[in-house]
Amino acid sequence: MGIKIKQAEMKDIPFLAQMMLESSRAGKKRGLFDLIFDTDNDEVILEKLQQLAQTEAKSHCHYKNFLIAEVDGQKVGTLCSYEPRISTKETFIEALKEIGCDESVNETLEVVYGCNFELNKNTLMFDFMEELDGFIDVGVLKALMQKSLLTARLKGYGRAQTIIEIGSLETELFYKKLGFRVIEEKECESYREVFGRNGLMLLSIEF
């Protein structure tokens with residue numbers, strides 16, 4: 001079974017929206033986008049995510065930041081990589097306002113940003129690493145990561161990082177298998193109250 005890795009295109013946006021929603025929930029009932037868009041209607045959230053993936057403001061959710069894995073022509077996984085000096089918190093808020101969110105989104109995001117880390121601007125960040133059920137353990141995520149790290153090297157990066165929730169044991173184990181190590185943990189009461197998880201972990205790899 002051959003795995004093909006390609007750069008995401010406009011036509012892939014519906015699939016990216018699905019993967020972003022699943023990744024943000026990470027096994028929870030509610031994730032970041034449920035909170036931001038204040039609805040439990042998946043169709044509404046997916047429509048908003050499709051809009052978010054193609055805003056003028058190039059947030060980390062923009063489709064051009066994504067790689068897609070395909071098996072026999074079927075899209076089966078995604079990985080987003082972005083530069084934190086470009087895709088900032090301010091850019092994300094700008095993109096959200098572009099698709100109809102009002103000023104209250106700043107307050108909503110404090111639940112997450114209040115539990116976040118000071119990121120090195122010379123680091124490449126990974127997010128939305130997700131694969132379809134039925135394709136776990138066939139090497140999809142590893143292939144996506146290898147391609148992303150190769151691209152990072154070509155751009156002159158020597159370090160990549162990712163942020164995951166404390167308690168996401170399978171995700172943590174996978175990243176550690178790839179060579180990432182936990183460099184910081186942050187427990188936050190507000191995050192626990194909203195998402196039921198203790199907080200966030202920052203993992204890093206040098207290459």
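Values below: every heavy atom of this structure, side chains too, minus hydrogens, waters and symmetry copies. Remember, it's a predicted structure, so these values are computed and weren't measured experimentally.
Applying the side-chain hydrogen bond (donor to acceptor under 3.5 Å, both in side chains) criterion to E110, with sequence neighbours excluded, gives K89. Scored by the side chain to side chain contact (heavy atoms under 4.5 Å, CB included) test, R159 finds N120, T123, Q161, S204, E206 as partners (sequence neighbours excluded). Residues forming a side chain to side chain contact (heavy atoms under 4.5 Å, CB included) with E103 (at least two apart in sequence, or on another chain): K97, N106.
The stretch residues 143-153 participates, sequence neighbours left out, in no salt bridge (Lys or Arg N to Asp or Glu O under 4.0 Å) pair at all. Listed by first then second residue, pairs satisfying ring-ring contact (aromatic ring centres under 6.0 Å, His included) with a partner in residues 4-40 number zero, not counting sequence neighbours. Among residues at least two apart or in separate chains, there is no side-chain hydrogen bond (donor to acceptor under 3.5 Å, both in side chains) pair with a member in residues 52-65.
Atom CG of L124 sits about 11.0 Å away from atom CG of N122, to the nearest 0.5 Å.
The environment of E172 atom CD is dense: over 12 non-hydrogen atoms of other residues, nucleotides or ligands sit within 6.0 angstrom. The environment of NZ in K186 is crowded: more than 12 heavy-atom neighbours from other residues, nucleotides or ligands sit within 6.0 Å.
Side-chain contact annotation: S148 with T151, donor-acceptor N/O pair under 3.5 Å absent.
Cluster annotation: Y191 and L169 are assigned to distinct hydrophobic clusters (Ile/Leu/Val/Met/Phe/Trp/Tyr, side-chain heavy-atom contacts under 4.5 Å, transitive).
Sulfur-sulfur distance for C115 and C188: below 2.5 Å, consistent with a disulfide.
Contact of the L202 side chain with the L119 side chain is registered, since non-hydrogen atoms from C-beta on lie closer than 4.5 Å. Contact of the M20 side chain with the F66 side chain is registered, since non-hydrogen atoms from C-beta on lie closer than 4.5 Å.
A side chain to side chain contact (heavy atoms under 4.5 Å, CB included) with V44 is found for exactly one of D40, L46, N41, namely N41.
The two residues I205 and L178 come nearest to each other via the heavy atoms CD1-O, 3.4 Å.
A salt bridge between D12 and K6 is present, with a side-chain N of the basic residue lying under 4.0 Å from a carboxylate O of the acidic one.
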